[in-house]
Peer 1: 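What follows is a single structure, and I will ask about it in a moment.
Residue numbering restarts at 1 for every chain, and letters A, B, ... go by the order of the sequence lines.
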Amino acid sequence: MWYTGWDGLTNRIGYATSSYIDADFLSIQNAIEFADPGDTILVHPGKYNEKLLINKSLTLQSTDGWQNTMIDPAMDSIVRIQGPVEVTVQGFDITGGSWGIHVGSAEKKVNILDCFIQGNTADGIYVVGGGTLLNIERNIISANGNPGGGCGIYIEQAWSTVNILYNEIGVWWDGEPEDGTIYAGNNGDGMRIDNVPAGTDVTIWRNNIAENGDDGIDFPSVFSVHGSVNIQENIIGAWVYYYEDAGSTRFDGNHGDGIHVAQVGDTGSINIEGNKISENARVEEDTGIFILGIYGAVTVADNDIGAWEDEHGEPYLGNEGQGIFVSAVFSGGD
Amino acid sequence: MTIGADNSIRENTGHGIDVAYGQADSSIEIHHNFIDDPVVDGCGVKLGSGGVCGATISNNTIVNNYK
């Protein structure tokens with residue numbers, strides 16, 4: 001097990017402890033290059049001005065969470081994962097690059113957990129390559145992109161299984177009402193998934209997705225949904241964060257559709273269940289749920305689409321435009 | 001396509017549910033939903049600006065709509 005540390009002054013001071021080696025590292029990247037496949041690298045608190053290339057199977061984990069461990073290269077993508085590897089990245093504040101995390105080609109398994117990915121100029125997480133298992137869990141993904149776009153999560157190629165669970169995607173507030181900092185939504189979609197081929201599964205569960213510049217969840221391509229997609233128990237649009245003592249902060253809907261699906265192919269299925277979808281499309285005048293073409297199976301059940309009230313009695317408004325708009329259901333569509 | 005059961009579709013500014021086109025042999029079921037979109041020119045359920053075949057609308061509560 002390797003450790004990379006920070007002396008709090010001007011130079012990174014790394015050190016390693018294990019039963020078989022003791023070494024210093026000048027950077028996280030230095031530790032990555034020295035590690036053997038399967039190792040875990042623990043990173044101590046600090047600000048690390050470097051970009052990372054992870055091209056071997058390993059776990060990169062902060063010891064004190066993203067609140068105390070920042071990676072800020074001020075250039076290029078920050079954490080680049082590449083090759084037929086199994087990688088876990090956990091507990092970092094990732095900011096200041098183009099893509100926050102860039103997942104390249106042919107990965108076996110990638111876990112992105114408990115990170116704060118904010119203020120990057122392109123997508124927060126950009127997955128250009130396909131792979132076997134992609135887990136994106138418990139992250140905060142805010143204020144990425146620029147006025148030309150930039151999604152919170154953009155998955156371009158196919159994975160056998162994708163799980164997107166318990167994330168805050170879009171606007172987020174990091175403190176109490178008096179002294180907190182608010183982070184805007186992402187400039188493009190909250191999440192965009194281009195390619196779900198037959199035999200693959202995507203689960204989107206219990207995320208909060210608000211104030212993004214385009215759709216909350218977007219499957220924009222005719223290749224998007226030929227596998228199985230489950231969108232369950234998310235808040236897509238307006239919601240209120242309640243503080244422990246008193247007070248609250250209200251977040252608005254996404255600017256485009258709450259959920260946008262270009263096509264459900266004849267082998268595809270999409271289940272939209274138990275979501276709160278409100279106050280979306282206030283800028284672009286779209287819909288709560290928009291599905292352009294259906295050749296496969298679509299189920300929409302047990303959702304609040306439009307106005308609802310939370311457990312504190314806070315009212316939420318409807319979506320701008322239709323609650324649900326389906327352009328075409330074709331022969332065989334079910 | 002099945003819309004239901006138990007969707008609450010309320011106070012959207014357009015139609016509650018709008019299906020523009022349903023081809024022959026397609027299946028469209030809309031059942032057991034609550035739809036309340038009290039906006040001028042909005043329907044609770046609108047079907048067929050392009051023609052819809054095979055739609056079943058049953059056991060929904062559709063109130064307070066303008067068309």
Side-chain angles (χ1 to χ4, degrees), chain A residues 225 237-238 253 257-258 261 264 266 268-282 284-309 315-334, chain B:
Chain A
V225 182
D257 299 313
V261 181
V264 180
D266 56 0
S269 67
I270 185 164
N271 179 42
I272 301 172
E273 182 177 352
N275 302 282
K276 311 287 189 186
I277 305 171
S278 65
E279 297 191 26
N280 297 293
R282 295 274 160 182
E284 297 190 357
E285 297 185 2
D286 290 332
T287 61
I289 299 173
F290 177 97
I291 304 176
L292 188 59
I294 298 173
Y295 296 87
V298 173
T299 301
V300 182
D302 199 25
N303 302 282
D304 286 311
I305 304 168
W308 63 287
E309 288 187 1
Y316 300 93
L317 304 176
N319 301 288
E320 191 76 23
Q322 295 100 323
I324 301 171
F325 176 70
V326 178
S327 182
V329 183
F330 295 99
S331 178
D334 187 13
Chain B
M1 177 183 67
T2 301
I3 300 176
D6 298 327
N7 294 292
S8 173
I9 303 172
R10 296 178 53 216
E11 297 184 21
N12 301 290
T13 65
H15 311 300
I17 298 171
D18 185 351
V19 181
Y21 173 69
Q23 196 173 33
D25 299 328
S26 64
S27 173
I28 301 168
E29 294 191 22
I30 301 172
H31 69 91
H32 293 94
N33 301 289
F34 178 72
I35 305 170
D36 174 9
D37 281 344
V39 178
V40 173
D41 291 335
C43 302
V45 178
K46 178 185 177 185
L47 298 179
S49 59
V52 171
C53 298
T56 302
I57 303 173
S58 62
N59 295 294
N60 298 281
T61 300
I62 305 173
V63 299
N64 206 22
N65 298 284
Y66 276 72
K67 280 188 175 179

Peer 1: Between A/S327, A/S278, A/G293, which residue shows the highest count of heavy-atom pairs closer than 4.5 Å to chain B?
Peer 2: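 Highest number of heavy-atom pairs under 4.5 Å: A/S327.
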Peer 1: Taking all heavy atoms of A/F330 and all of B/S26, pick out the closest pair and write down the distance.
Peer 2: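 It is O-CB, 3.4 Å.
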Peer 1: With sequence neighbours excluded, tell me which residues meet side chain to side chain contact (heavy atoms under 4.5 Å, CB included) with B/I57.
Peer 2: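 B/I57: side chain to side chain contact (heavy atoms under 4.5 Å, CB included) contacts with B/I30, B/V45, B/L47, B/N60.
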Peer 1: Specify which of A/I270, A/I291, A/D304 makes the most heavy-atom pairs with chain B at under 4.5 Å.
Peer 2: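 Of A/I270, A/I291, A/D304, A/D304 has the most heavy-atom pairs under 4.5 Å with chain B.
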Peer 1: Would you call A/V329 and B/Q23 a side-chain contact if the rule is heavy atoms closer than 4.5 Å?
Peer 2: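 In short, these two side chains do not touch, never coming nearer than 4.5 Å.
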Peer 1: Please check if the side chain of B/N12 supplies one atom and the backbone of A/I305 the other of a donor-acceptor pair under 3.5 Å.
Peer 2: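 Checked: pair present.
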Peer 1: Within this structure, what is the CD1-CH2 distance for the pair B/I9 and A/W308, rounded to the nearest 0.5 Å?
Peer 2: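 Separation between the atoms: 16.0 Å.
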Peer 1: Atom CD in A/E279, atom CD in B/E11: separation rounded to 0.5 Å?
Peer 2: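 Nearest 0.5 Å value for the CD-CD distance: 10.5 Å.
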Peer 1: Indicate the atoms forming the closest heavy-atom contact of A/S331 with B/A24, along with that distance.
Peer 2: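 A/S331 and B/A24 have their closest heavy atoms at CB-O, 3.4 Å.
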Peer 1: Donor-acceptor check, side chain of B/T13 to backbone of A/G321, threshold 3.5 angstrom: yes or no?
Peer 2: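 Yes.
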Peer 1: Let me confirm one number: the CD1-NE2 distance from A/I324 to B/H15, rounded to the nearest 0.5 Å.
Peer 2: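 With rounding to 0.5 Å, CD1 (A/I324) is 13.5 Å from NE2 (B/H15).
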Peer 1: When rounded to the nearest 0.5 angstrom, what distance separates CD1 in A/I277 from OG in B/S8?
Peer 2: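 Answer rounded to 0.5 Å: 11.5 Å.
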Peer 1: With sequence neighbours excluded, tell me which residues meet side chain to side chain contact (heavy atoms under 4.5 Å, CB included) with B/H32.
Peer 2: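 Testing B/H32 for side chain to side chain contact (heavy atoms under 4.5 Å, CB included), a comparison that skips the adjacent residues, returns B/A5, B/N59.
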Peer 1: Could you check B/D6, B/N7, B/I3 and say which one makes a side chain to side chain contact (heavy atoms under 4.5 Å, CB included) with A/N303?
Peer 2: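 Passing option: B/N7.
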